[in-house]
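Working notes for the structure below.
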Amino acid sequence: NAGVTQTPKFQVLKTGQSMTLQCAQDMNHEYMSWYRQDPGMGLRLIHYSVGAGITDQGEVPNGYNVSRSTTEDFPLRLLSAAPSQTSVYFCASSYSGLTTSGGTSTDTQYFGPGTRLTVL
Amino acid sequence: DQQVKQNSPSLSVQEGRISILNCDYTNSMFDYFLWYKKYPAEGPTFLISISSIKDKNEDGRFTVFLNKSAKHLSLHIVPSQPGDSAVYFCAAKPGGATNKLIFGTGTLLAVQP
């Protein structure tokens, strides 16, 4: 199992350019999410999906689009890149079910290695 | 407004001693809490979690304590090892939410040999 994979690892864009960050998982997880990590800010949820064809907005969705046509893939599109979108982007996946500590394992998310994006 | 706070940006501990990482939250509707560990240039990896119906969960060297009245949780690592050196994030799930986690800003733990 490769787990959660992300491409590219690094990307430099000019302001106004568009691009797609790829994310794929081979664990047959229902749920997938995109986060961005900025210094001093922790990880913030951009968009998430609870299944193929179903997506919803997180805390910081502006400037990003997502779609989920298959269980495996969850691409993140930057429509018109801005310097404020310079960040490290993480994709995550999880599945439903109960954990031994009483919660649901939809909350135990498995992360990809990240894409470091710089917008000039 | 930061709903999950890790007020210590960094912590340094000697190998073999206890590491205690702290996390405070403001939303009483959080019902599940997790700790993630992150090495440089890698994604966060799940470490340990606790449901709001419990006050302690243990997994090997790692124990998480939850004090709901104080809205505080802590991660204890005993004994600390140099390989534990990483950034630790706490995260919380709002009750009734699916697939949504609110993360703290992280604490960089350095375990000195």
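Just so it is clear: chains get the letters A, B, ... in the order the sequence lines come, proteins before strands, and each one is counted from 1. None of these values were measured; they are calculated from a predicted model.
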Side chain to side chain donor-acceptor pair (under 3.5 Å) assessment of A/Tyr89 paired with A/Tyr64: CA-CA 12 Å; A/Tyr89 291 84; A/Tyr64 307 95; 2.7 Å; yes

Chain A contact via B/Leu34 - side chain, backbone, both or neither, heavy atoms under 4.5 Å: side chain

B/Arg61 side chain to B/Ser80 side chain, donor-acceptor N/O pair below 3.5 angstrom: no

Pick from A/Asp38, A/Leu43, A/Leu45 with the largest number of heavy-atom pairs that fall under 4.5 Å of chain B: A/Leu43

Presence of salt bridge, A/Asp73 and A/Arg68, under 4.0 angstrom: no

Per-residue contact mode, A/Glu59 against chain B (heavy atom under 4.5 angstrom): side chain

Parallel, tilted or perpendicular, as decided by the 30° and 60° cut-offs, for the rings of B/Tyr36 and A/Phe111: perpendicular

Contact class of B/Ala91 relative to chain A, heavy atoms under 4.5 angstrom: neither

